[in-house]
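Atoms within each ligand, like the ligands themselves, are counted from 1 in listed order.
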Amino acid sequence: MSIRFSDEVSDAMASSRPIVALESTVIAHGLPYPQNLETAVRCEDAVRDAGAIPATIAVFDGEFCVGSLREQIEHLATAKDIRKISRRDLPIAVGQKLTCATTVATTAYIAHRAGIKVFSTGGIGGVHRGDAPDISADLPELAQTPITIVSSGAKIVLDLPATREWLETHGVTVLGWQCDEMPAFYSRSSGLEIDQRVDSAVEAAAIIRARDDLRLQNAILVSVPVPDEVEIPRDELEEILDIALDKAARAGVKGKNLTPFLLAEMSAQSQGRTRAANIALLENNARVAADIAIALA
Ligand code: PSU
Ligand code: MN
């Protein structure tokens with residue numbers, strides 16, 4: 001498998017400096033332009049300011065890139081034809097030399113093979129609401145990839161109790177970063193349990209090292225609540241989400257278009273407040289991920 005590293009990332013690897021992987025679907029499909037570009041740059045800067053090296057992962061012309069360049073990030077943020085890829089799409093992306101944005105599943109896959117231990121995102125995919133079973137490939141990827149992923153739980157558009165059960169069944173350790181319950185993306189509370197609270201990066205690192213010593217192949221999910229000044233209360237969230245879900249059902253939106261559709265609808269319904277929360281949590285998670293990568297290095 002050929003991976004292209006940016007100079008910044010290959011230097012960091014050569015000198016064993018801490019690295020944080022960042023995903024690209026949030027750039028291409030999770031946020032609109034120009035906030036997507038600004039956020040991608042701010043997440044990278046948050047990692048650098050904390051003392052680690054960011055590696056934004058994407059696929060360009062069929063090549064796995066670990067550490068995207070500024071022009072590449074701009075392309076992801078502006079081009080209309082970027083394919084959102086999950087695990088099933090990897091052979092197509094490489095075989096057909098496509099340019100693609102990587103989801104949590106594919107970012108974790110590439111980051112782990114590149115030797116990166118910590119990966120930051122906004123919210124993982126999970127079990128969708130509704131009767132037809134739609135389970136994000138993010139979940140089975142976390143069940144088989146020994147990486148640490150920092151996120152604000154799973155995205156609120158999902159069936160959070162079912163997602164939490166799935167993680168438990170498949171051996172994914174869920175830590176609460178300075179919190180006692182699993183965050184719910186735009187909201188700090190979900191009523192769902194974490195497996196253990198951790199109050200520092202050193203504490204998280206000890207658990208991550210133990211996972212590796214035990215040769216467990218599952219991810220560790222460090223769940224970080226959205227900063228409280230931008231949090232959206234749960235009852236208010238449920239109201240906007242119901243409207244968005246209803247719109248999606250009536251418009252027949254399914255598959256990989258569903259998550260981006262719901263996020264955009266909720267932002268429209270809330271006058272951009274959900275988007276502001278999303279941006280704040282992405283940046284905050286990148287900072288926490290950097291602290292953990294430093295504690296592990
Ligand atoms: N985090 C965000 N916004 C996003 C995502 C994460 O703050 O858009 C992306 C991730 O790439 C995740 C994907 O893997 O949404 C889940 O998509 P799906 O439900 O189709 O598997
Ligand atoms: Mn799906």
Original post:
Which atom, counting only N, O or S, brings D134 closest to the Mn ion (ligand 2)?
Top reply: OD1
**OP:** State the atoms of ligand 1, each with its element, that fall below the 4.0 Å cut-off from a heavy-atom position in F185.
**Re:** 7 (O)
Original post:
Is there a heavy atom of E23 sitting under 4.0 angstrom from any atom of ligand 1?
Top reply: yes
Subject >> Reported CG-to-CD distance for the pair L69 and E8, which is rounded to 0.5 angstrom >> reply: 9.5 Å
Subject >> Protein heavy-atom partner closest to atom 19 (O) of ligand 1 - residue, atom, separation in Å >> reply: T259 OG1, 2.9 Å
Original post:
Measuring from R287:CZ to D45:CG, what's the distance to the nearest 0.5 Å?
Top reply: 11.0 Å
Subject >> Any L263 heavy atom less than 4.0 Å from ligand 1 >> reply: yes
Subject >> Heavy atom of the protein closest to atom 3 (N) of ligand 1 (residue, atom name, distance) >> reply: V26 CG2, 3.5 Å
Subject >> Parallel, tilted or perpendicular, as decided by the 30° and 60° cut-offs, for the rings of Y109 and F64 >> reply: perpendicular
Subject >> Test side chain to side chain contact (heavy atoms under 4.5 Å, CB included) applied to L31 and L37, N36, L263, the passing residue >> reply: N36
Subject >> Worked check of side-chain hydrogen bond (donor to acceptor under 3.5 Å, both in side chains) between Q217 and T145 >> reply: CA-CA 6 Å; Q217 298 302 307; T145 309; over 6 Å; no
Subject >> Atoms in ligand 1 with a heavy atom of K84 nearer than 4.0 Å >> reply: 17 (O), 18 (P), 20 (O)
**OP:** Looking only at protein heavy atoms, identify the closest one to atom 13 (C) of ligand 1 and say how far it is in Å.
**Re:** K155 NZ, 3.6 Å
**OP:** Show which atoms of ligand 1 fall inside a sub-4.0 Å distance from at least one heavy-atom site of T121.
**Re:** 1 (N), 6 (C)
Subject >> Protein heavy-atom partner closest to atom 1 (N) of ligand 1 - residue, atom, separation in Å >> reply: G123 N, 3.1 Å
**OP:** Measure the distance from atom 12 (C) of ligand 1 to every protein heavy atom, then report the residue, atom name and distance (to 0.1 Å) of the closest one.
**Re:** D138 OD2, 3.3 Å
Subject >> Heavy-atom side-chain proximity of N285 to F119 below 4.5 angstrom >> reply: no
**OP:** Under 4.0 Å from a heavy atom of H128: give me the atoms of ligand 1 that qualify, with their elements.
**Re:** 19 (O)
Original post:
Rounded to the nearest 0.5 Å, what separation is found between the CD1 atom of I57 and the CD atom of E23?
Top reply: 10.0 Å
**OP:** Show which atoms of ligand 1 fall inside a sub-4.0 Å distance from at least one heavy-atom site of G30.
**Re:** 8 (O)
**OP:** Looking only at protein heavy atoms, identify the closest one to atom 21 (O) of ligand 1 and say how far it is in Å.
**Re:** S136 OG, 2.7 Å
Original post:
Does the pair K247/D242 count as a salt bridge with the N-to-O cut at 4.0 Å?
Top reply: no
Original post:
Tracing side-chain links under 4.5 Å among I, L, V, M, F, W and Y, which residues wind up in one group with V198?
Top reply: V118, V150, L175, W177, I207, I208, I220, V222, V224, V288, I292, L296
Original post:
Of all the non-hydrogen atoms in the protein, which one sits nearest to atom 7 (O) of ligand 1, and at what distance?
Top reply: N278 OD1, 2.9 Å
Subject >> Inter-residue atom distance S68.OG - E74.CD, 0.5 Å rounding >> reply: 12.0 Å
